[in-house]
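Please read the structure below before turning to the comments.
Just so it is clear, the model here is predicted, and its values are computed rather than measured.
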Amino acid sequence: MSGAKVFVRVHSDDNVSEEAKRLREQNKNQHPDVMIKRNPSGDALDTDFTLYELKRALGGVKHTSPGKDYVCYIMIKHLTDRSLNMILCLFNRIWNEGKLPPSWKHGIIVPIGKPGKDKSNPTGYRPIALTSNLCKLMEKLIIYRLNYVLESKGLMSPYQSGFREGRNTMDAVLSLEADIRKAQVNKEVLVGVLFDIEKAYDMLWKEGLLIKLKCMGIGGKMYNWIMDFLLERTIQVRVGVEYSKTYKIDNGTPQGSVCSPVLFNIMINDVFNNLKGDIGRALFADDGAIWKRGRNIICVSKKLQESVEAVEDWANNWGFRLSVAKTQVICFTKKKRIPVVKLKLYKQDLEQVSAVKYLGVWMDQRLTFATHAKKLIEKCKTGVNILRCLSGVEWGACRISLKRIYCTLIRSSLDYGSIIYGFASETLLKKIETIQSQALRICCGAFKTSPIAALQVELGEAPLYLRRYKLRMNYWVNIKGHKESHSVKGVMKECWEHGNKTIKSFGWTANREALEAGIDGLEVCPIVSVSNIPPWIFPKPLVDFQIQTQINNDKDIPKNIIAQQYIDQSYTSWLHIYTDGSKDPASGRTASAVHIPKFQCDISKRLTDNVSVYTAELIAILVALHWVEDVKPRLAVICSDSYAALSSLASGLKSTRQDIIYDILASLLRNSNTSLIMFLWVPAHVGVEANEVADKLAKQALNHADVDIQVALSKKEVQAKVKEVTHSKWQEAWDVDSKGRHLNSIQQLVGNGRSVYKNRKEDIIISRLRIGHSGLNYSLFKIGKHATGKCRNCDELETIEHILFSCQQYENERILLIQEMEKLDINTYNIQSFLECNFEQWKKYRAIIKFIKDIGLYGII
């Protein structure tokens with residue numbers, strides 16, 4: 001069978017059992033109008049797309065391979081507004097007619113070989129689909145609106161975490177882990193079933209998805225577009241420059257499509273809705289799990305069997321097939337004898353396993369995470385070996401490149417799931433932390449005896465226990481910004497199990513750690529901001545960035561004159577409004593101010609502490625808009641020196657303060673009938689008098705005794721506080737640690753690793769001198785490779801300090817070194833001044849390297 005036919009067969013109706021086909025027909029008969037086009041609904045969802053929407057979608061695209069039309073995103077990005085309007089007209093015609101071009105529904109399949117598979121067999125290849133980038137651009141417009149409807153109406157199940165903003169795999173894993181810990185505290189067992197759906201995306205029943213859309217109340221043009229998008233799809237296989245025949249596909253959403261993840265979520269949304277009782281459930285896309293805890297294993301098994309049958313019925317009704325071979329059962333307990341649980345799927349026994357991998361985290365029966373640690377270490381050792389291949393003592397990549405590889409290949413793996421496995425035993429965690437020390441040692445070429453704490457400070461890489469703490473708190477902040485319906489909200493709530501026994505688990509410790517970090521009382525703005533008004537209804541903000549261009553073009557004229565002339569000439573009959581935001585880094589106080597010269601009106605407000613300057617600038621703009629709403633001038637120009645704030649408004653791209661952006665856009669919509677409003681970027685401190693007045697007002701407002709405007713902090717703003725606390729903990733640990741004192745005498749502050757110096761060999765020498773572990777006799781003595789550790793000339797310990805300051809053999813060379821250091825105004829009797837990393841670094845290090853070469857220790861240290 002040809003490769004193309006193999007890929008087509010995956011989507012074929014022949015994969016569906018006769019019983020499933022019968023149930024499909026039964027479902028279709030209950031919804032006879034499912035394949036009939038809908039009339040326009042007349043609501044906001046059916047309005048035409050705007051250029052603002054198109055540019056926002058285009059600004060967020062990544063450069064993916066094009067389809068058969070060879071139209072790339074980069075080409076579309078360089079089009080003028082006139083050309084983009086032509087594309088917009090095409091999109092709106094397709095939207096209104098509900099008919100996509102056939103070429104948009106055609107995919108080019110490029111087979112990519114699977115590792116370790118037979119390359120002579122088509123099943124040994126993974127099909128990668130290339131579709132039209134123009135179609136994917138329109139899909140972004142569609143999904144933006146569809147996601148708004150799903151989130152604003154609460155149509156998605158709270159236990160579904162896949163492909164949703166502000167959610168991730170840890171939501172599902174943590175929900176399961178929390179119940180396992182509660183079962184252990186109560187001396188119960190917890191039995192879990194992890195489902196696997198065969199060819200979930202490939203066999204999605206298209207008519208079934210349309211039924212789901214209909215039941216959700218999604219109709220009109222959205223329904224018509226999705227229906228035509230799904231039907232009559234075709235594929236071709238491309239190998240080199242050769243193409244196969246064109247084949248139609250029966251089922252599934254297109255692979256690589258922007259719409260596919262959301263459409264699949266809709267299809268699988270109600271998979272666990274018919275479960276009865278207190279059955280735990282979690283879902284990330286098609287990775288589903290259900291569980292039940294209790295003391296009576298027979299009762300638990302019975303309830304779970306009923307739930308498995310309910311899921312089986314759901315799959316039959318909606319054209320899915322659950323894999324018996326890949327669906328696993330696991331029993332979590334602390335009992336010595338693990339109970340045997342017999343559950344059936346399609347009347348076949350399910351396999352009970354001792355450890356299961358759920359969304360990348362290995363969970364064993366006693367939840368010790370021993371299996372996860374073992375697998376993690378094996379995976380990370382591959383990354384360590386790559387670092388070894390790329391570096392040596394006298395050759396190789398620089399430390400910056402090596403550290404980037406460490407962060408990409410190793411640290412990312414260590415971070416994933418650490419908020420859960422981070423509560424494993426100290427023995428397991430030390431084995432994992434060994435990976436970091438090995439990698440950092442390779443990055444800076446340090447001796448094996450070098451203290452780990454010193455390696456971390458030298459490279460600016462925090463200890464893993466602090467990274468785990470930081471990630472836990474960041475996740476806690478993320479959850480706090482979600483609605484109460486979020487599945488992990490229940491994990492964080494106090495329950496009697498928390499008081500019954502203290503154990504190491506996120507549910508037990510997160511709130512206490514947040515209290516200790518001082519973030520528990522902070523109000524966090526919604527992680528998923530949903531406007532009361534459909535966001536595509538908002539008008540496009542008019543933003544002018546031309547002042548800087550004028551300043552660059554006329555460099556002979558003072559900046560203040562150019563800026564003021566531009567404002568006066570371009571906005572002669574406009575009301576000028578100046579806004580600014582300010583923050584005191586020491587106290588965390590923030591304020592916003594508005595200055596309207598014509599009305600001699602000044603507004604200054606102190607904001608909630610610890611919000612960012614960016615937030616303060618947006619609040620200042622919002623306050624100005626509220627003033628415009630009251631006064632209703634015909635023409636108003638709001639001048640701000642915040643390029644970031646105005647860029648967010650102009651581009652429409654998602655920002656860290658989408659909630660305030662929506663408030664600003666809503667105010668613009670309210671003002672649209674009475675006032676024309678422009679935004680003008682005035683670069684800070686170019687000498688525009690009114691701009692300076694606004695800046696002064698904002699600084700004065702920092703001294704207000706009380707907060708005038710309460711502003712919820714964004715996730716990033718609270719996480720900035722978490723970062724400060726983590727850094728403080730690292731600094732405290734470095735100050736009191738008994739190891740790494742040699743580097744501590746040189747560098748007392750943690751956080752910023754030393755910059756790379758020249759070639760690999762010399763960079764390693766500098767690191768060894770700073771850390772204090774080198775090829776000198778004293779370092780060799782500490783590892784049992786030298787009898788006394790003393791200098792052969794002076795009968796003193798041969799340390800770094802001895803070589804640099806007192807060894808009599810190198811007196812002449814030292815005189816030259818001291819003379820060079822005195823030119824740099826460096827105290828020649830202080831090891832810190834010699835080897836610190838923040839003063840005339842390059843000149844100083846050059847002198848030291850020359851000294852090392854002159855005394856013949858270049859190849860020894």
Side-chain angles (χ1 to χ4, degrees), residues 1-17 20-21 23-25 27-28 34-35 64 67-68 100 102-112 114 122-123 125-132 135-136 139 142-143 146 160 162-163 195-213 223 225-238 244-271 283-288 314-323 326:
M1 183 180 291
S2 70
K5 289 183 179 179
V6 170
F7 295 138
V8 170
R9 190 178 59 182
V10 172
H11 301 273
S12 174
D13 282 333
D14 295 337
N15 298 322
V16 181
S17 66
K21 288 179 180 178
L23 291 172
R24 276 188 179 190
E25 287 300 317
N27 252 327
K28 284 173 65 176
V34 70
M35 300 299 292
T64 57
K68 204 170 184 179
L100 280 73
S103 61
W104 283 15
K105 298 192 287 183
H106 183 70
I108 302 298
I109 303 298
V110 179
I112 304 295
K114 298 178 181 178
T123 59
Y125 290 82
R126 181 175 287 107
I128 303 299
L130 304 179
T131 55
S132 170
C135 180
K136 287 192 281 191
E139 287 179 59
I142 298 292
I143 287 302
L146 182 58
Q160 172 61 278
F163 309 116
F195 292 99
D196 182 88
I197 302 176
E198 292 181 355
K199 303 168 185 172
Y201 283 82
D202 299 329
M203 286 303 297
L204 182 141
W205 178 32
K206 297 176 181 181
E207 290 87 346
L209 175 58
L210 295 173
I211 293 172
K212 295 286 182 75
L213 288 171
Y223 186 94
W225 190 94
I226 294 174
M227 179 171 66
D228 196 69
F229 174 78
L230 292 173
L231 301 179
E232 302 297 325
R233 296 200 69 92
T234 58
I235 64 169
Q236 272 181 297
V237 175
R238 187 186 76 193
S244 71
K245 292 181 180 179
T246 298
Y247 295 91
K248 288 186 178 182
I249 57 174
D250 298 329
N251 299 287
T253 56
Q255 189 260 340
S257 162
V258 175
C259 286
S260 291
V262 177
L263 296 180
F264 183 83
N265 269 0
I266 293 172
M267 187 65 185
I268 205 171
N269 188 52
D270 58 349
V271 58
L283 192 63
F284 188 90
D286 61 329
D287 289 306
W314 175 91
N316 288 334
N317 282 325
W318 297 105
F320 288 108
R321 175 79 183 177
L322 301 170
S323 172
K326 294 182 179 179

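For E232, the side chain to side chain donor-acceptor pair (under 3.5 Å) test picks out K248, with sequence neighbours left out. Every residue was checked against the salt bridge (charged side-chain N to carboxylate O under 4.0 Å, His left out) condition with K136, not counting sequence neighbours, and none meets it. Taking the ring-ring contact (aromatic ring centres under 6.0 Å, His included) definition, one finds that W205 meets it with nothing, sequence neighbours left out. The side chain to side chain donor-acceptor pair (under 3.5 Å) check on D286 picks up nothing, with sequence neighbours excluded. F163 is linked by a side-chain contact (heavy atoms from CB on, under 4.5 Å) to Y201, P261, N265, A285, counting only residues two or more places apart in sequence or in another chain. With sequence neighbours left out, F195 forms a ring-ring contact (aromatic ring centres under 6.0 Å, His included) with no residue at all.
Shown here for K206 and D250, the closest heavy-atom pair between the two residues is CE-O, 3.6 Å.
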K28 and M35: CA distance, side-chain angles, deciding distance, side-chain contact (heavy atoms from CB on, under 4.5 Å) verdict: CA-CA 9 Å; K28 284 173 65 176; M35 300 299 292; 5.6 Å; no
Worked verdict on V237 versus K245 for side-chain contact (heavy atoms from CB on, under 4.5 Å): CA-CA 8 Å; V237 175; K245 292 181 180 179; over 6 Å; no
Test salt bridge (charged side-chain N to carboxylate O under 4.0 Å, His left out) applied to D228 and K105, step by step: CA-CA 9 Å; D228 196 69; K105 298 192 287 183; 3.5 Å; yes
side-chain contact (heavy atoms from CB on, under 4.5 Å) assessment of D202 paired with N251: CA-CA 6 Å; D202 299 329; N251 299 287; over 6 Å; no
Worked check of side-chain contact (heavy atoms from CB on, under 4.5 Å) between E198 and F320: CA-CA 7 Å; E198 292 181 355; F320 288 108; over 6 Å; no
Intermediate values then yes/no, ring pair (Phe, Tyr, Trp, His ring centres under 6.0 Å), F229 and W104: CA-CA 8 Å; F229 174 78; W104 283 15; 9.6 Å; no
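Of the possible donor and acceptor atoms, none in the side chain of N317 sits under 3.5 Å from a partner among the backbone N and O of R24. Under the 3.5 Å distance criterion, the side-chain polar atoms of S260 are matched with a main-chain donor or acceptor of P254. Between the side chain of Y247 and the main chain of R9, no donor-acceptor pair closer than 3.5 Å is present. With hydrogens and angles disregarded, no donor-acceptor distance shorter than 3.5 Å links the side chain of E25 to the backbone of N27. In this structure, the side chain of Q236 does not engage the main chain of T246 through any donor-acceptor pair within 3.5 Å. Not one N or O on the side chain of H11 forms a donor-acceptor pair closer than 3.5 Å with the backbone of I249.
Using a 4.5 Å cut-off on side-chain heavy atoms (C-beta onward), L283 and N269 make no contact. Between L230 and W225 there is no side-chain heavy-atom pair separated by less than 4.5 Å. Annotation: side chain of I112 is not in contact with side chain of Y125 (no heavy-atom distance under 4.5 Å). Proximity of I197 to I268: side-chain heavy atoms (C-beta onward) are separated by under 4.5 Å at one or more points. R238 places a side-chain heavy atom less than 4.5 Å from the side chain of L130. Contact of the I226 side chain with the L146 side chain is registered, since non-hydrogen atoms from C-beta on lie closer than 4.5 Å. At least one side-chain heavy atom of R126 sits under 4.5 Å from a side-chain heavy atom of I128.
Applying the 6.0 Å contact sphere to NZ of K326 captures no more than 12 heavy atoms from other residues, nucleotides or ligands.
For the atom pair OG of S132 and CD1 of I108, the computed distance is 11.0 Å after rounding to the nearest 0.5 Å. Residue K199 holds its NZ atom at 14.5 Å from CG of L204, rounded to the nearest 0.5 Å. Residue C135 holds its SG atom at 5.5 Å from CG of L100, rounded to the nearest 0.5 Å.
Between D270 and K212, at least one side-chain nitrogen of the basic residue sits less than 4.0 Å from a carboxylate oxygen of the acidic one, meeting the salt-bridge criterion.
The side chain to side chain contact (heavy atoms under 4.5 Å, CB included) with M227 is formed by just one residue from the set L209, L213, L210; it is L210.
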